[in-house]
*Asks:* 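Supplied in structure tokens, the structure appears directly below.
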Amino acid sequence: MQAQTGIRRRRVSSDRVIGLLVVVALAAVPRPGIAQKTNGLALTPPMGWNSWNTFGCNINEKVIREAADYMVSSGMKDAGYRYVNIDDCWHGERDARGFIRPDPDRFPSGMKAVADYVHSKGLKLGIYSDAGAKTCAGRPGSRGHEYQDALTYADWGVDYLKYDWCSTGELKAAEAYTTMRDALAASGRDIVLSICEWGTDKPWEWGPAIGHLWRTTGDITNCWDCVVDHGTWKSSGILAILDKQDGLRVHAGPDHWNDPDMMEVGNGMGEEADKAHFSMWAMLAAPLIAGNDLGKMDADTRTILTNREVIAVDQDSLGIQGYPFEKRGDIEIWFKPLAGGEWAMAVLNRGTGTRRVEFDWAREWVSDDHSHRAADFGNKKYRMRDLWRHEDAGTTAEPLSVDVPGPGVVMYRLTPQQR
Ligand code: GLA
């Protein structure tokens, strides 16, 4: 009996050792269930183009290849745009094993060929899916296929996933997006995760650990000041979207951005409104994802989208989102702290008709509680650079007095003067 007991004891103890080894080994190996998002993929807000605002469901591989071509030939690539993002409606059916395939009529060469083409231009490819059973346009969603889909995207060479929120029923947003985050991490490829949950469940609170950017609102629409009611949902013009960013800046920073949606620059609002839209997205440190028809872009639109001085404000390495410092009716004065003690300033005219705006620097102390930065304009002089005229505009030694078109903007970069 004793001998048997002894044997049993020895067996138990060797099982324990093996169990311990397994636990130690598992703890050392990153597992999907405890994955983190892939860090460092969006240290500045992502820049690119997305098919949805212009093409909706009318996309195919020609549209995507041409977008890549135009991104290069227009100078957008040189200005910093990188992602060519395919939105909804690229999908075909799932195969017998559940792997998603692109629509064979729209993407006959397959998605890997499209990715290879986009990469050959020095650009990156984005794709779209949905956490629910179906995408917003009724194509197959990723629910129940998250790891398969992430592997498929990685295999194709996808660099960016916009992950939407239609047909999600009782799903909890943070959990559903965590599943895709973990699936992407397990795929072994660096893929930006763009959370498109429309701000419903406050993604700014849980998004930073899960994705690289999150939509803060419902869909944008191509107008300056409107909200369009579609029955079950509403889309918002530029001002309505801008106003919904209130209070969210504390949640954003390098690798985790508030996303006020893709841009409508070049889609018909007119030059001054487009400049204002682009400027305010830069002040918000927003992702700059163009949504116009790049092949039909006129010179004004190209000039706006490739304004490097405005882009530099958006892409500033500190990644601090700007804020409205003062509101005077239709006039808003915004500041954004930049690296090296510089500041960006936007004077926004929300209304119609040109307005003269005065700003007496000597009386202003601009301080930002969030970033703990301050500009004592009364005691320190700054050189001013007009970012749309591309010319120096004096210093803060003199009060500012400027005409601002309505709707429209005047935007400056303020550089501390050496004594
Ligand atoms: C949702 C998203 C949009 C777009 C469409 C596609 O509405 O918010 O940005 O992706 O779906 O169906």
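Both ligands and their constituent atoms are indexed starting at 1 by order of listing. Computation of the quantities below employed the complete heavy-atom set of this structure, encompassing side-chain atoms and omitting hydrogens, waters and symmetry-equivalent molecules.
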*Asks:* Taking a 3.5 Å cut-off between nitrogen or oxygen atoms, can you list every pair linking ligand 1 to the protein, with distances?
*Replies:*
| residue | atom | partner | partner atom | Å |
| --- | --- | --- | --- | --- |
| ligand 1 | 7 (O) | Asp219 | OD1 | 3.4 |
| ligand 1 | 7 (O) | Asp219 | OD2 | 2.7 |
| ligand 1 | 8 (O) | Trp198 | NE1 | 3.1 |
| ligand 1 | 8 (O) | Arg215 | NH1 | 3.4 |
| ligand 1 | 8 (O) | Arg215 | NH2 | 3.3 |
| ligand 1 | 8 (O) | Asp219 | OD1 | 2.5 |
| ligand 1 | 9 (O) | Lys162 | NZ | 2.8 |
| ligand 1 | 9 (O) | Arg215 | NH1 | 3.2 |
| ligand 1 | 10 (O) | Asp87 | OD1 | 2.6 |
| ligand 1 | 10 (O) | Asp87 | OD2 | 3.4 |
| ligand 1 | 10 (O) | Lys162 | NZ | 3.0 |
| ligand 1 | 11 (O) | Asp164 | OD2 | 2.8 |
| ligand 1 | 12 (O) | Asp88 | OD2 | 2.7 |

*Asks:* Test of understanding: with side chain to side chain contact (heavy atoms under 4.5 Å, CB included), list the residues that count as partners of Thr178, not counting sequence neighbours.
*Replies:*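 Expected list: Arg181, Asp182, Ile210.
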*Asks:* In terms of relative ring orientation, are Phe359 and Phe335 parallel, tilted or perpendicular, with 30° and 60° separating the classes?
*Replies:*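 Rings of Phe359 and Phe335: tilted, as their planes differ by 30° to 60°.
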*Asks:* Is any NZ, NE, NH1 or NH2 atom of the basic residue among Glu309 and Arg413 found under 4.0 Å from an Asp or Glu carboxylate oxygen of the other?
*Replies:*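 Salt bridge between Glu309 and Arg413, a charged N being under 4.0 Å from a carboxylate O: no.
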*Asks:* Quick one: closest heavy-atom pair of Lys162 and Cys196, and the distance?
*Replies:*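 Smallest heavy-atom distance, with atoms named: CE-SG, 3.8 Å.
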*Asks:* Are any of the side-chain nitrogens in Arg215 or Asp164 under 4.0 Å away from the carboxylate oxygens of its partner?
*Replies:*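 Answer for the salt bridge query: no.
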*Asks:* Taking the six-membered ring for Trp, are Trp156 and Trp90 ring centroids under 6.0 Å apart?
*Replies:*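 Centroid distance Trp156-Trp90: below 6.0 Å, so yes.
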